[in-house]
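Note: hydrogens, waters and symmetry copies are ignored here, and every other heavy atom, side chains too, is used. On a predicted model such as this, the values are computed, not experimentally measured, just so you know. In what follows, every chain begins at residue 1, and chains take the letters A, B, ... in the order their sequences are listed.
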Amino acid sequence: MALRGIQMEWSEQTIPEIMRAYCDGQEWAADLVVERLFLPVLRYAEKRTAQYRLDRSHASDAAQEAFVVLLSKRSEIWQGRSPLAYLMGIVKNVIRKESRSRRAVNASAGAGNDGEPFDWMGQVAASDRSELTRLVGRERAGIIRGAFRRYLGDIDEKQAQVLDLRFTGGMEPAEIAQVTGNTRETVSVWVCRFKEYFRDWLKKNVDPRGTKFATLWDAWKKLKVDS
Amino acid sequence: MSKILTGGSGQHITAAQAVSYVEGRLGADEVRRLEAHVQGCGGCENSIRNMRAHCAEEDGRIAAEWFLERPTCPPQDELQQYADDKLPSQRHEAVRLHLELAGCEACQAVLDAIRTNDPQAQALLETVKARIKKEISTRRK
């Protein structure tokens, strides 16, 4: 009964708090994580399987696999980032792999290639997504969100919306200008300002040596020689 | 990436101009002049292409972190209010843009789960919890 009381109390807590409880060894917190997040993850998986023209049963399998990965490796993998985003990343990769293996089978059987839906985020390999967390360390993973939130807290809603459309939506500056009513130049300046801020923040807070961020900055330094 | 030379009978674009062009910070006249030059200059065309790839990779990396942090995503209770049409109009519009234009998949998934009364999925939850626990203990061995 006492345990049930604790569980009911925890059901009002935020997902990061519940994840922390789970990482601290509170096994019952796993049930809460599944209860709170399984349905959104399943819905997302269903959309992905439809995009890749896979059978719907793959959605449930992919969603379950995502939770198994998240919960079996605890803090090793989760590292304080958004669990929902992390779960969706796993689902996306599981479904993409399934789609590719099916296409490989179909190709060898002489069937046509259905092609993958366009994925703007797909330019960055799944393994690279955790590079920044690896750089700052698990205990400090929250500082990345802090950096974003700090910047967003200092700008107005119009600029925040532009950044949202660029980095969540992957829209080009010209498209963003069209839908928000700003000029293309204004949109570009706002996006560039944020990127400068993020580069500066990374340089102050992260040791990027040997990483792809470092490679990008070295190239950037060479490019800016003439400016 | 090599440094772009300036001067001579053909004025090549500088690295700074290439950056500004790719980032969309040049005015319309400057864009026209630059594009007219690039059409006839393989070296500058190559530099622009490299610069585009460089910027796209950086943006992709930032977007990957943005995806994991979801800094502009509304909290779940706000999505519930959005589903119930109880948000103030300005905030409703901001959430709508985030869902429909930015196309945030995480928030769309949460909203779908809020809106869909799926008894089958609900019933599946208990089976899923048990299955996940079994799988976790197997993998930990």
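The two residues B/A63 and A/F167 make their nearest non-hydrogen contact at CB-O, 3.7 Å. Nearest heavy-atom pair across A/E185 and B/L26 is OE2-O, 3.6 Å. Annotation for A/A85 and B/R70: closest pair CB-CD, 3.9 Å, computed over non-hydrogen atoms. In terms of heavy atoms, B/A109 sits closest to A/P40 at CB-O, 3.1 Å.
To the nearest 0.5 angstrom, B/C73 atom SG is 7.0 Å from A/D164 atom CG. Distance check, rounded to the nearest 0.5 Å: CD of A/Q64 to CD1 of B/I132 gives 6.0 Å. The structure places CD of B/E69 at 8.0 Å from OG of A/S82, a figure rounded to the nearest 0.5 Å. The CG atom of A/L39 sits 5.0 Å away from the CG atom of B/L125 when rounded to the nearest 0.5 Å. Within the model, atoms OG1 of A/T168 and CG of B/L99 stand 11.0 Å from one another, a figure rounded to the nearest 0.5 Å. In this structure, CZ on A/F198 lies 6.0 Å from CD on B/E65, to the nearest 0.5 angstrom.
Using a 4.5 Å cut-off between heavy atoms, A/Q161 touches chain B through its side chain atoms alone. With a 4.5 angstrom heavy-atom cutoff, A/L37 does not touch chain B via any of its atoms. Only the side chain of A/E157 comes within contact range of chain B, with heavy atoms under 4.5 Å apart. Contact of A/S60 with chain B is made through the side chain alone, with heavy-atom distances under 4.5 Å. Contact annotation for A/V179: only side-chain heavy atoms (C-beta onward) come within less than 4.5 Å of a heavy atom of chain B. The contact between A/Y44 and chain B is made by backbone and side chain atoms together, counting heavy-atom distances below 4.5 Å.
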_Working for side chain to side chain contact (heavy atoms under 4.5 Å, CB included), residues B/T72 and A/L152_ = CA-CA 8 Å; B/T72 42; A/L152 289 167; 3.9 Å; yes
*Steps toward side chain to side chain contact (heavy atoms under 4.5 Å, CB included) verdict (A/D31, B/K133)*: CA-CA 9 Å; A/D31 276 359; B/K133 276 185 187 151; 2.9 Å; yes
*Go through A/R199 and B/E58 one step at a time and tell me if the salt bridge (Lys or Arg N to Asp or Glu O under 4.0 Å) criterion holds.*
CA-CA 10 Å; A/R199 277 184 217 125; B/E58 192 183 30; 2.7 Å; yes
_Assess the residue pair A/M88 and B/F67 against the criterion (side chain to side chain contact (heavy atoms under 4.5 Å, CB included)); give the C-alpha distance rounded to whole Å, side-chain angles, the decisive distance to 0.1 Å, and a yes or no._
CA-CA 10 Å; A/M88 286 167 59; B/F67 173 74; 4.1 Å; yes
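Under the rule for a salt bridge (charged side-chain N to carboxylate O under 4.0 Å, His left out), A/E175 has no partner lying at least two apart in sequence or in another chain.
Scanning residues 87-96 of chain B against chain A with a 4.5 Å non-hydrogen threshold yields B/R91, B/A94, sorted by number.
Atom CD of B/Q80 has more than 12 heavy atoms from other residues, nucleotides or ligands within 6.0 Å.
Ion pairing between a basic and an acidic side chain is recognised when a charged N comes within 4.0 Å of a carboxylate O; A/K47 and B/E105 show no such pairing. For A/E35 and B/K129, the salt-bridge test passes: some basic side-chain N is under 4.0 Å from an acidic carboxylate O.
Here the side chain of A/S188 pairs a donor or acceptor atom with the backbone of B/E23 at under 3.5 angstrom.
Taking 4.5 Å as the limit, every side-chain heavy atom of A/R166 sits out of range of all side-chain heavy atoms of B/I62. Looking at B/H98 and A/L165, their side chains never come closer than 4.5 Å, going by heavy atoms from C-beta outward.
Note on ring orientation: taking the six-membered ring where Trp is involved, the planes of A/F194 and B/W66 are perpendicular (angle over 60°, cut-offs 30° and 60°).
For the set B/P75, B/C107, B/A106, the count of heavy-atom pairs under 4.5 angstrom toward chain A peaks at B/A106.
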